[in-house]
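What follows is a short report on a single structure.
Please read all numbers here as calculations on a predicted model, not as lab measurements. Residue numbering restarts at 1 for every chain, and letters A, B, ... go by the order of the sequence lines.
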Number of protein chains: 2
Amino acid sequence: MLTDRQKMILRAIVRDYTNNGMPVGSKALVEQLPVHVSSATIRNEMAVLENAGLIRKTHSSSGRVPSIQGYRYYVDHLVKPDVAKTNDIDLIKTSLGGDFQKIDEIVAQSAKILSDLTSYTTFTLKPELKDSRLSGFRLVPLGNRQVMAILVTDNGDVENQTFSVAHRVTSDQLEAVVRLINDQLVGLPLKDVVEKLKVQIPAEISRYMQQPEGFLKIFGDVLTRAAQERFYVGGRMNVLDFSEQNDIESLRSIYSLIDHTDDFAEVLGNPSNQIQVKIGDEISNNDLLRNYSLITATYDVDSHGQGIIALLGPTRMPYSKMIGLVGAFRNELARKLIDYYRHLDE
Amino acid sequence: MLTDRQKMILRAIVRDYTNNGMPVGSKALVEQLPVHVSSATIRNEMAVLENAGLIRKTHSSSGRVPSIQGYRYYVDHLVKPDVAKTNDIDLIKTSLGGDFQKIDEIVAQSAKILSDLTSYTTFTLKPELKDSRLSGFRLVPLGNRQVMAILVTDNGDVENQTFSVAHRVTSDQLEAVVRLINDQLVGLPLKDVVEKLKVQIPAEISRYMQQPEGFLKIFGDVLTRAAQERFYVGGRMNVLDFSEQNDIESLRSIYSLIDHTDDFAEVLGNPSNQIQVKIGDEISNNDLLRNYSLITATYDVDSHGQGIIALLGPTRMPYSKMIGLVGAFRNELARKLIDYYRHLDE
DNA sequence: TTTAGCACTCAATTAGGTTAAGTGCTAAGA
DNA sequence: TCTTAGCACTTAACCTAATTGAGTGCTAAA
C-alpha cells in the first residue's frame, strides 16, 4: 500500500515522463512537487516505489521511468481524465455533423477524426452485428452476364458483390432464387442463415437452377462479409512518429498485424467496461506491442448494439488527456448514430 | 561518346552498386572485368566517366557511384532486360489464374503479386476509362428508406452507392427516374453524361420529383467515381525497407503522396512507350523522390484500352531484373484481361 | 596507351578524457 | 522515526585525438 506522498510522486513521474520522454530525477521532482522536502527524501521514496516494481531505472545512475506496472497503477488509481477542450469537442461535432449515407461512412470517418485529434493510430468498429438479421436480398441483372447480389440486414447494413452467371440463367430463375431466399431466410439471424445455407437451401435451390454451387458461393461470400467484424483504421502512418523508429522490422510486423483483420479484431476484443486501458504486453501476448498502449472504449447505440473505438499509442502517452478525449468522442459518436438510426427508422 | 571499354566499366559500376550498395573502386572493377588492365588504367577511364557526369564520388577518396545521368545512360543504352525466371512466371500465372468476379479484383491482385515479386511498391491502373460509355443505371429499393444506385459502363465496370431518400418518394418515381436516365444517357461517353447532368436532366427530372437535388448529387457522385482514374497499390510497406530510413518526415510525405490519389495518378502519367524508367527527380519535380526510380509499363487489352502498371523502388535497383519482371508481368496481365473480357462478351 | 609507385584524402573505428545528471549510503539533526 | 546535508560513485553523452584502410590522382617510365 502506498502512502499519499508516494502516490503523488508516482503520479508526477508518470506525468513528467509522458510529457518529456526523459527519465525523471529526484531534483526535478522536488521542484515540481508542492511538498517541501529535500531531494534525498524523494530519493528514499523513489527507492520504495522501485522496490514495489512501479518505477525503474534505465541505467544504474539514471532517473526513473514508470514500469508497466507503474503505468497500470497510475491508470487504475491515479489518473484523472481531462475534460476535453471545447475546441476539440467542436471539431468532433463538426466532423460528425455532415450528411452521411451509411453507418460505415460515419464509423470510418470517426477513426480519421480521432486520429487527427490524438496523433495516434485509431480503430473503430460499428455496433456489433452478431445478432443482426437478414432483412432483404436482391439480385440485379446488370446486362451482359453480370449480376449484382445485394444483402441487407435489419441494422441497415448493406453488402453487395457483382458476379457473372452462366449464359443460360434467365431472369425468371434469378427471381425465383430471390423469392426463395426472402421467403425462407429473411428475419433470421445471420448465423442461422449461414447454417441453413449449408443444408436446406441447396436442395431447394436446385429446383430452379442446374448448377447452384457458383451462386451459393457468392451468396455465402456476401453473407460472410456482412457477418464479419471489420474495423476502420485512422492515422495509420502516425505509428511512424511514436514507434521507437530504429526497428523497421517491428514496424512491418505491427502494420501486418493491423492489416490482418481477424487477428486484430481479436486484440480489440470485447471490452467489458466503458473505457479500458491495456498496457504493453497486456495488449497481446507477443511482445511486438511491448512499448504501446491501447485505449478501448465501447459506445452504446440503444437497441442497435454496442460499438468499439480504440486508440493505439506509445506506453508513454498522456493518459489523462487521451482518456478524456476518447470519452468525449465516444459520447458524440453514440449520439450521432442514435440520431442516424432514428432518421432511418422513422 | 563513350568507348566500349568505358561502357563496360559503367555497366559494371551500376551492376555492382545496385547489388551491393557500396561505392565501387578501381580494384574491385579490375577483378570482375574480363579485360586485363591494371587498376590505374581503370582509374583513368573512371576519371573520364566522372568528367562526363555519369559517375560520382561520395567523398574525395571514395569509390564511385552512378549519378542520375549515369543511371539514365545505363537504362537507355546498356541494360539488357533479364528474361524472367520460370519460377516467377509460374507464380504470376497461378496468382492470376483464379476466378475473378471483377476487373478491379484482377488489377488489385496484380499490384499485390508484382510487389511480392519485386519487394518494391507497385501501382496498377485498369484499362483507361476515359472513353467508356454509360451502359446502364439502376435504383434498387432496399427497404426502409434506403436505395442503392448502380451504374454500369460498357467496360463492365460497376459502381454503386446506397443513400436514403425522403419518405414520400415512391418506387414509381424511382422507376421513372431510372427510365429517364436510361433513355437519355445510356450509350453516351461518361464525360458527356457529366455534361448533360448539369443542364438537361435536372429540368426533366423535376417532372417526377419535387426535390431532385439530393438524388442528382448521388448520381453525380457515382458517376464521378466511375470516371475517376483510380489505382491500386501493392506492397505499401516495402517503402520502409528501401527508403533511406533515417527520415521519418519524408516517409510520411511519400505515403501521403501515394494516398492522395489525384496527385499520384498524375505522376504515373501516360507513358508513351511500353516500358519506361523515370529516375530521381524525373518522377516529379519536388525532390521527395530523389532517391527513387519508377518503372512504368502499359498493357494493351485490345479494344478495351490500355492500362498501366508501375513499380517504385530505390534508384539503386537492379534494373535489368526489374525491367524483365515488369515486362513479363505486363504480358501475363494483358492476356488475363483479354481472356476475361472475351468471357464477358461472348 | 598502359602501368607501377607513391603521396594524399577521408570515413570509420577505437581509445581516452571530461562533464553532468543522478543515485545510494552514511551520519547527524529534528 | 523521519529528514537531510554531504559525499563517493556510476553511467550516458559528448568531445578529441590517433589509427586504419580503401581508394584516389598524378608522375614518370615502359
Original post:
So which nucleotide from C:dT3, D:dT24, C:dT23 ends up closest to the side chain of B:Arg64?
Top reply: D:dT24
Original post:
Between C:dT3, D:dG25, D:dT3, which one does the side chain of B:Thr41 approach most closely?
Top reply: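 Between C:dT3, D:dG25, D:dT3, the one nearest the side chain of B:Thr41 would be C:dT3.
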Subject >> Residue met sooner reading DNA chain C from 5', once B:Glu45 and A:Val24 are mapped to nucleotides >> reply: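 Taking each residue's closest nucleotide, the earlier one in sequence belongs to B:Glu45.
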Without decimals, in angstroms, what is the distance between [X] [atom1] and [N] [atom2]?
X: B:Glu50; N: D:dT24; atom1: CD; atom2: P; answer: 10 Å
X: A:Met46; N: C:dG24; atom1: CE; atom2: C1'; answer: 12 Å
X: B:Asn44; N: D:dT24; atom1: CG; atom2: P; answer: 11 Å
X: A:Asp4; N: D:dC2; atom1: CG; atom2: P; answer: 15 Å
X: B:Tyr17; N: D:dG23; atom1: OH; atom2: P; answer: 14 Å
X: B:Ile9; N: C:dT2; atom1: CD1; atom2: C1'; answer: 13 Å
X: B:Arg56; N: C:dC10; atom1: CZ; atom2: P; answer: 16 Å
X: A:Ile55; N: C:dG22; atom1: CD1; atom2: P; answer: 13 Å

Original post:
Under 4.0 Å between a side-chain N or O of A:Ser26 and OP1 or OP2 of C:dT23?
Top reply: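 For A:Ser26, the contact criterion (side-chain N or O under 4.0 Å from OP1 or OP2 of C:dT23) is met.
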Original post:
Would one find a side-chain N or O of A:Lys57 under 4.0 angstrom from OP1 or OP2 of C:dG24?
Top reply: yes
**OP:** May I have the step-by-step check of side chain to side chain contact (heavy atoms under 4.5 Å, CB included) for B:Tyr71 and B:Val277, ending in yes or no?
**Re:** CA-CA 10 Å; B:Tyr71 284 120; B:Val277 182; over 6 Å; no
Original post:
In terms of heavy-atom contacts, does NE2 of B:His260 have more than 12 from other residues, nucleotides or ligands at under 6.0 Å?
Top reply: no
Original post:
Do other residues, nucleotides or ligands put more than 12 heavy atoms under 6.0 Å from A:Lys112 NZ?
Top reply: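 For A:Lys112, atom NZ is not crowded (no more than 12 foreign heavy atoms under 6.0 Å).
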Subject >> Closest non-hydrogen atom pair, B:Thr296 against B:Ala310 >> reply: CG2-CB, 4.1 Å
**OP:** Take B:Arg56 and B:Ser67, measure what side chain to side chain donor-acceptor pair (under 3.5 Å) needs, and give me the verdict at the end.
**Re:** CA-CA 6 Å; B:Arg56 62 187 178 82; B:Ser67 67; over 6 Å; no
Subject >> side chain to side chain contact (heavy atoms under 4.5 Å, CB included) evaluation trace for A:Met8 with A:Thr3 >> reply: CA-CA 9 Å; A:Met8 185 177 64; A:Thr3 67; over 6 Å; no
**OP:** Treat primed atoms plus P, OP1 and OP2 as sugar-phosphate and everything else as base, then score nucleotides 5-12 of chain D 5' to 3': B for base contact with protein heavy atoms under 4.0 Å, S for sugar-phosphate contact only, - for none.
**Re:** SB---BBS
**OP:** Give the C-alpha distance, both sets of side-chain angles, the deciding distance and a yes or no for side chain to side chain contact (heavy atoms under 4.5 Å, CB included) between B:Leu2 and B:Leu54.
**Re:** CA-CA 11 Å; B:Leu2 301 187; B:Leu54 298 173; 3.7 Å; yes
